[in-house]
There are 4 protein chains.
Amino acid sequence: MGGTMDGTKQQRRGNTRQRIQDVALELFAEQGYEKTSLREIAERLDVTKAALYYHFKTKEEIIVSLFEDLTQPIEELIEWGRRQPHTLETKQEIVRRYGQALAGAAPLFRFMQENQATVRELRIGDTFKDRMTGLRDIIIDPDASLTDQVRCISALFTLHAGMFVMRDLEGDPEDKRKAVLEVAIDLVTQAHQGGRTA
Amino acid sequence: MGGTMDGTKQQRRGNTRQRIQDVALELFAEQGYEKTSLREIAERLDVTKAALYYHFKTKEEIIVSLFEDLTQPIEELIEWGRRQPHTLETKQEIVRRYGQALAGAAPLFRFMQENQATVRELRIGDTFKDRMTGLRDIIIDPDASLTDQVRCISALFTLHAGMFVMRDLEGDPEDKRKAVLEVAIDLVTQAHQGGRTA
Amino acid sequence: MGGTMDGTKQQRRGNTRQRIQDVALELFAEQGYEKTSLREIAERLDVTKAALYYHFKTKEEIIVSLFEDLTQPIEELIEWGRRQPHTLETKQEIVRRYGQALAGAAPLFRFMQENQATVRELRIGDTFKDRMTGLRDIIIDPDASLTDQVRCISALFTLHAGMFVMRDLEGDPEDKRKAVLEVAIDLVTQAHQGGRTA
Amino acid sequence: MGGTMDGTKQQRRGNTRQRIQDVALELFAEQGYEKTSLREIAERLDVTKAALYYHFKTKEEIIVSLFEDLTQPIEELIEWGRRQPHTLETKQEIVRRYGQALAGAAPLFRFMQENQATVRELRIGDTFKDRMTGLRDIIIDPDASLTDQVRCISALFTLHAGMFVMRDLEGDPEDKRKAVLEVAIDLVTQAHQGGRTA
DNA sequence: CATGAATGAGGGTTCATTCAT
DNA sequence: TATGAATGAACCCTCATTCAT
């Protein structure tokens, strides 16, 4: 009552919306979307379930908002990619940047990878698929051999796998990141040259 | 009463357990584990929920039984792999056979890929992880460079991706299968030679 | 096939009905009637639930049959008591014999004491109440003071308590039995003399 | 909107928790714990089952809360008893007060008496047993004869029986209460003097 | 901004019971 | 004698959501 907070309820400066997103993403990534209840989120925040509804109209809107906030870099990457010439350098740069974008929103992508069935039914599903298709079309040469097309997709998947599956591979994280990137770039490079050499 | 059934209740010869598994897997793969209710499964089979409980003790046991039934070929593959010398040929053969095994239980693996968050919490989770680790240890040379290790994992992932993600890639399914296999084999081959050449 | 049993299924000479009763009583006394399911009984006997229904029409009939089989001595005791003169000796003898009867069917009475709410709703309820009333009327003098009437009921209750509550009192069981009996007899004796002395 | 409620939904001022407890205790005492479903309780209150779960986390918590709320006088009685000298007067006073405490929470104790099997499995079970043991230790002389120990327990049991079994004894309730108390006090008195006189 | 109280729909699970074989 | 398969009703419980305050 007057003056500074007493700490009982940690800083409530109106950042509640943000805090909800943080906790939600953490729990969604850890337990899955359906197994995470609003009650659980609310409890962690020491807030009522009803409070969540002040900030988000539905449970789905929480995940959608996360998706929209966190995946903009990828949107921009695609935008950028579309305007570039389809050279090898461009492709390699795309892979590099995509790797960074994934790392920048790791929990979200972990969530999306581990909850594909859920994501597909959510509103995000289609949007996300569109983006992936967009990316693909940039690095895939339409008249490349099937094998090379697969290589490109495999490159993207390697990046994804790099984030989550390879956590239990031993080695320095930074080294692993580099190794993953190298393999991915290798794949698009092979794919790019495939057309010309074979 | 003599002769064939009248069709109202299709053949109830004792294949109910099997039919439950079939329908369950279909729905689990399509909608996810948590979003598929036992009521839904029962309705599709024109049977009561309680009937499911005659054949399976819990919902989890249904998916576990599917896992155990359909995953044995992979178990055997690992067994076989362990007894082979770690030659390039062995590795390539592992990849080939793993591809086949995946194809042989496609719906289950699609389910597991798209419901990782769920699977992790289920009893299957650990078993599955162990198997993947087992496979990895066979095709990965322990003293290979990190990059080559990533290549091997990427090969396995490419096979997985091949099953599900690449469905919307245009082209003859059989051709796609071959292309996927080629890329995967390529990756382990590069990884294998990496140590010797680099 | 032919000759003696092999022991896998212990003696099944047609005593199944009896075995059901035994196991049922044990479980009913231990866990209560409602918390004991037919599945549980069947499993303990290594038999199907359906088999129970060959021997008993309903779950209730199992407990009813136990009641009828095991409480006959008390029925007879009442019969006997009714024909005796209402002397002190008779009353004392009733108490003594009732104590024995309780001991002879301890698990059943433990069950009835600990599941009164259930028993009341079962068909047994009334029968049992009738018997208790019968007993009471024998040892209670209709024109005794209220206090002496209470003494008589208290005597009966002391016997009941003696069976179950006093199990955790230390001391030799046989000694405890005697002590309980002594107190009960004391109570009816006081009650009997009350009328004459007060 | 201003003034009194319209009666459709009787006063919902926040006394719902209390109303749940009241109805629950009534039904539990009448039909037993397991045979009373939450649906039944909810219906009587003209409320949804889910509403019960807003106020109590589980069904068990309802009975536990009743136990904790209603049983405090006995807790205090024991506390008080422990601090008194072990004189005859103290023992008699304990019996008197215990009788009052029982009367003050008659429905709860009726429930506990008639659902012992259930209570034993509930969290309350042990707590209750501890209290009874506490009471016992106050009125029982450790070096009294077994017979006198039984007398003390019998006294307590007489009080219990007085509440429930003797309802169908004819006579004025108040007179019956007095008679029961007299017998109980008599028993502890005999027990107390037993050591000195016998 | 947020809570307290409640709802309706549905979840998985268990039960006593039935009946053809 | 007993089993295998199934049912219908009920169970406790949890969820996302609503709304007056």
Side-chain angles (χ1 to χ4, degrees), chain A residues 9 12-17 34-42 45-62, chain B residues 1 9 12-17 20 34-42 45-62, chain C residues 9 12-17 34-42 45-62, chain D residues 1 9 12-17 20 34-42 45-62:
Chain A
K9 301 256 180 180
R12 272 275 179 76
R13 301 213 203 88
N15 58 346
T16 305
R17 190 189 148 94
E34 354 261 348
K35 301 243 295 203
T36 302
S37 69
L38 295 187
R39 178 180 51 67
E40 210 173 347
I41 297 176
L45 290 167
D46 200 23
V47 152
T48 348
K49 260 188 299 177
L52 305 185
Y53 279 88
Y54 179 81
H55 295 280
F56 298 94
K57 261 206 293 281
T58 69
K59 184 186 182 187
E60 180 168 354
E61 209 183 69
I62 298 181
Chain B
M1 200 162 272
K9 297 264 178 180
R12 275 277 173 74
R13 295 220 198 82
N15 58 343
T16 304
R17 190 188 146 95
I20 293 173
E34 355 260 349
K35 301 244 296 202
T36 302
S37 70
L38 295 186
R39 180 182 49 70
E40 212 173 345
I41 298 176
L45 291 167
D46 199 25
V47 154
T48 347
K49 260 192 297 174
L52 305 185
Y53 278 89
Y54 178 78
H55 295 280
F56 298 93
K57 269 208 288 280
T58 68
K59 186 186 181 188
E60 180 169 354
E61 211 185 64
I62 298 181
Chain C
K9 302 255 180 182
R12 273 273 180 79
R13 300 214 202 84
N15 59 345
T16 304
R17 190 189 148 94
E34 352 261 349
K35 301 242 297 202
T36 303
S37 68
L38 296 187
R39 179 181 51 68
E40 209 173 347
I41 297 176
L45 290 166
D46 200 23
V47 152
T48 347
K49 260 187 299 178
L52 304 184
Y53 279 89
Y54 179 81
H55 296 280
F56 298 93
K57 263 208 290 281
T58 69
K59 185 186 181 186
E60 180 168 354
E61 210 183 68
I62 298 181
Chain D
M1 200 160 276
K9 298 263 179 181
R12 275 274 175 74
R13 295 221 201 83
N15 57 344
T16 305
R17 190 189 148 97
I20 293 174
E34 355 259 348
K35 301 244 295 200
T36 302
S37 69
L38 295 187
R39 179 180 51 69
E40 212 173 346
I41 298 176
L45 290 166
D46 198 26
V47 154
T48 346
K49 259 190 299 173
L52 305 185
Y53 279 92
Y54 178 78
H55 296 279
F56 298 94
K57 269 208 288 279
T58 68
K59 186 186 181 186
E60 179 168 353
E61 211 185 66
I62 299 181

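In the text below, chain A, chain B and the rest are named by the order of the sequence lines, each starting its count at 1. Quick note: numbers below take in every heavy atom, side chains included, and nothing from hydrogens, waters or symmetry partners.
Taking atom CG of residue A/D46 and atom P of nucleotide E/dA2, one finds them 12 Å apart after rounding to whole Å. The distance between atom CG of D/N15 and atom P of E/dG4, rounded to the nearest whole Å, is 17 Å. When the P atom of E/dG12 is taken as reference, atom CZ of B/F56 falls 15 Å away, rounded to whole Å. We find that CG of C/L52 is positioned 15 Å from C1' of F/dG4, with the value rounded to whole Å. Rounded to whole Å, atom P of F/dA5 lies 15 Å from atom CG of B/L45.
Here, F/dT21 and E/dC1 have their C1' atoms 13 Å apart, quoted to the whole Å.
Contact of the D/I62 side chain with the D/L38 side chain is registered, since non-hydrogen atoms from C-beta on lie closer than 4.5 Å. Using a 4.5 Å heavy-atom cutoff, the side chains of B/R17 and B/Y54 are not in contact.
Residues B/K59 and B/T36 approach most closely at NZ-O, 3.0 Å, considering heavy atoms. Considering every non-hydrogen atom in both A/H55 and A/E61, the closest pair reads O-OE1, 4.4 Å.
Side-chain proximity of A/Y54 to F/dT1, E/dA6, E/dC1: nearest is E/dC1. Residue A/T16 has its side chain nearest to E/dA2 when only F/dT1, F/dA5, E/dA2 are considered.
Summary of the strand contacts: C/R17 and B/T48 both lie near DNA chain F, and taking for each the nucleotide with the nearest heavy atom, the more 5' one is attributed to C/R17.
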Each nucleotide of nucleotides 14-21 of chain E classed B (base within 4.0 Å of a protein heavy atom), S (only sugar-phosphate) or -, in 5' to 3' order, makes BBBBBB--

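Contact between the side-chain N/O atoms of D/H55 and the OP1/OP2 oxygens of E/dA6 is found at a separation under 4.0 Å.
For the atom pair CG (B/N15) and CD1 (B/I20), the distance works out to 10.0 Å, reported to the nearest 0.5 Å. A distance of 8.0 Å separates CG of D/L45 from OG1 of D/T16, quoted to the nearest 0.5 Å.
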Note, DNA chain E 5' to 3' with Watson-Crick or G-U pairs under 3.5 Å encoded as ( ), [ ], | and . gives .||||||||||||||||||||

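Not one N or O on the side chain of D/K35 forms a donor-acceptor pair closer than 3.5 Å with the backbone of C/E34. Checking side-chain atoms of B/T48 against main-chain N and O of B/A50 turns up no donor-acceptor pair under 3.5 Å.
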